[in-house]
Amino acid sequence: MAVQRPRVGMYEIGRTLGEGRFAKVKLARHKETGELFAIKIIEKDRLKKVNKMVKREISTMKLIKHPHVVRLVEVLASKKKVYMILEYVGGGELFDKIVEDGKLNENEARRYFQQLIHGVDYCHSRGVYHRDLKPENLLLDTKGNIKISDFGLSALSQQQWDDGLFHTTCGTPNYVAPEVMDGKGYEGAPADLWSCGVILYVLLAGSLPFNDSNLSTLYQKIQKASINFSPNFPAGPQELVKRLLDPNPKTRMTIQEIHEHEWFQAHNSILECDDLDGRFTNGCEITELQDTSRPVPMNAFEIISTLSQGLDLSGLFVEKEDLCKKEAKFASVYPPREILSRIEDFATQLGYKVKKANYKMKILSCKPGRKGFLSMLTEVMEVAPSLFMVDIHKVGGDTLEFRDFQQQLYTGLKEIVWKTEEELAGVC
Ligand code: ADE
C-alpha cells in the first residue's frame, strides 16, 4: 500500500524549505493540479493570539500581486496552526549566490536592485511595509529574477510571544535602520529603504557595511552610519548607498529619488522580466488590432448595466470606493472618430503612445511603472443611433496608475461626455 503524504487541505506536504523565528516553510504540491507551492506553517500558540492586526495584514497581502513579490495564494487554519500557501520560488536565496560567487558586477547588482525597488515601491504604494528586509527574504526564481518574501508579515513578527518579549528586532540587526533599533517608533517606508541601502552595498562589496561581533559596538556603528567603500566600489551606486544609509529617516533618499537617479535608470530591468500580469511586457511594442469597420453594438445586458451606473464620467470613470477597478465606461453623442481623436490627443500630451485601428485604440505608456508598462485598450460601441459607449480598460500595468490616468482623462474629456437631462439641469 502506498504511503500517504501528510496533507493540509488539497496540499501534500513535502520537505522543509526553511525555518524562521515564528514559522516553518515546507514544500507543498497541489493534489489535483500537481503545482508546487511553499507552505508557511505558524503555530498559533507561539503567538499570543492571532489578533485583528494580523488578520488585516493577511487580507492586505492577498491583494499584493507583483512579479517581484512572493504571492500569497490562500490561508488555511486549523485549531492549532495557520497555513499560508505561497507561490513557490525555485532558484534559492540571492545571498547564497553571493556567498558562492562573491560580489556582483555593477550590471548584475543594478538589475537585482531595480527589481527589489520595483517590488518595494509596489507594496508601499498599497500601504504594506516589510520592516524586515534582509538577505533571507530575497529569493530567486528559476529565471534569476528576485521575489521578495514575507512582505506584510511584520504584524506576525511584532507579536508578543509566550516569552513575553516583542521580537521585532531579534535576529540580525545588520540590515535594520537606526530608528528601528531606538524603539521609539518609526515609519515603514524609510526603514525599508535603509535595508535596501544595506542590500545594495552587500551586492557590490560582498561584505556588510556595518559589522561587529560586539552587539553594542555594532549598534553604535549603525547609528553613526560611517561607511567604508573600497577603492573599486563603483561611484554611481556609492552615492545611492550613502543617501540610503542616512541615519535621519526624514532626509533619507525616497523611492521617487531612487527612480530619478542616473545609475538606477540605466538598463531598466523591468524590460527583461516576462511574467508581468499584463499582456504587453514591452512598453512600446504594439500588436496590430483586428480590423472592424463599424463600432460593435453592445448587448442589452451591457447597456443596462452601464446605464444603471449612470452615464456621466464621475460615475463611470472613477468609482471612488473601488480602487481596484480596471475599466471605465462613458457615453457620448460625438462621432466615434472625434471621441478617439480627443482621447488620442490627450493621451499623447501625457506622454503615452497610441495606436488606432478603426474603433479601437491602444494606449501604451513608454515609461515603466510599478507593475511594468501601463497599457489600455479603448473601444467605441454604438448603443443607439448616434449614441456611443466608450470603454477603456487596463490590459497591463498597475491598477492605481490606471486610476490616475482615468482621473486625468476625466478632466480632459468632460466636454464630449453625454449627460442626462437632470445632470444638465444640475440636479445630480
Ligand atoms: N522559502 C521561504 N519561502 C519560500 C518560497 N516561497 N519558495 C521557496 N522557498 C521558500
Side-chain angles (χ1 to χ4, degrees), residues 5-31 33-43 46-47 54 57-77 81-100 112 115-116 118-120 122-123 126 128-159 167 170-172 174-175 192 195-196 199 202 273-277 371:
R5 281 192 172 278
R7 252 180 52 195
V8 172
M10 290 301 285
Y11 302 90
E12 289 172 348
I13 310 300
R15 69 185 163 88
T16 301
L17 295 170
E19 212 163 335
R21 293 205 300 280
F22 56 89
K24 214 178 230 183
V25 184
K26 288 183 172 260
L27 186 65
R29 183 192 293 273
H30 193 277
K31 203 171 159 292
T33 64
E35 203 181 337
L36 293 179
F37 294 91
I39 183 164
K40 189 172 275 256
I41 306 165
I42 305 156
E43 307 259 355
R46 292 197 69 188
L47 303 166
V54 174
E57 206 140 328
I58 287 176
S59 52
T60 315
M61 279 177 69
K62 281 198 190 157
L63 300 175
I64 297 285
K65 291 181 196 162
H66 190 275
H68 299 306
V69 181
V70 173
R71 179 113 170 74
L72 173 64
V73 179
E74 63 175 320
V75 183
L76 307 170
K81 290 176 183 168
V82 176
Y83 303 91
M84 300 176 86
I85 315 296
L86 301 156
E87 169 188 10
Y88 172 66
V89 187
E93 284 177 20
L94 170 63
F95 280 74
D96 286 341
K97 189 177 145 66
I98 295 174
V99 170
E100 273 166 38
Y112 288 132
Q115 295 186 349
L116 169 67
H118 287 310
V120 169
Y122 172 84
C123 294
R126 271 121 180 109
V128 180
Y129 304 95
H130 198 294
R131 299 187 181 100
D132 196 19
L133 278 169
K134 59 185 174 205
E136 298 95 292
N137 292 327
L138 300 183
L139 305 177
L140 292 178
D141 68 13
T142 48
K143 292 177 190 154
N145 290 312
I146 279 196
K147 299 264 182 188
I148 309 168
S149 84
D150 284 358
F151 232 116
L153 277 186
S154 55
L156 286 177
S157 56
Q158 283 172 20
Q159 284 292 295
H167 285 247
C170 78
T172 166
N174 298 91
Y175 295 83
D192 278 352
S195 310
C196 291
I199 290 166
V202 174
C273 173
D274 64 0
D275 69 346
L276 299 170
D277 72 353
K371 272 182 100 179

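Whatever order the structure lists them in is the order used to number ligands and atoms, beginning at 1. Position 1 is the first residue of the sequence, and the numbers go up from there.
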For ligand 1, what is the set of protein residues having any non-hydrogen atom at a distance below 4.0 Å? Leu17, Val25, Ala38, Val70, Glu87, Tyr88, Val89, Leu139
For the backbone of Lys65 and the side chain of Tyr122, can you confirm whether one donor and one acceptor N or O come within less than 3.5 Å of each other? yes
Are the side chains of Leu72 and Ile85 in contact, using a 4.5 Å heavy-atom criterion? no
Mind checking what makes salt bridge (charged side-chain N to carboxylate O under 4.0 Å, His left out) contact with Arg126, not counting sequence neighbours? Asp398
Working for side-chain contact (heavy atoms from CB on, under 4.5 Å), residues Ile199 and Tyr175: CA-CA 8 Å; Ile199 290 166; Tyr175 295 83; 4.0 Å; yes
Considering only heavy atoms from C-beta outward, does the side chain of Val120 approach that of His130 to under 4.5 Å? no
Between Leu140 and Tyr112, is any pair of side-chain heavy atoms under 4.5 Å apart? yes
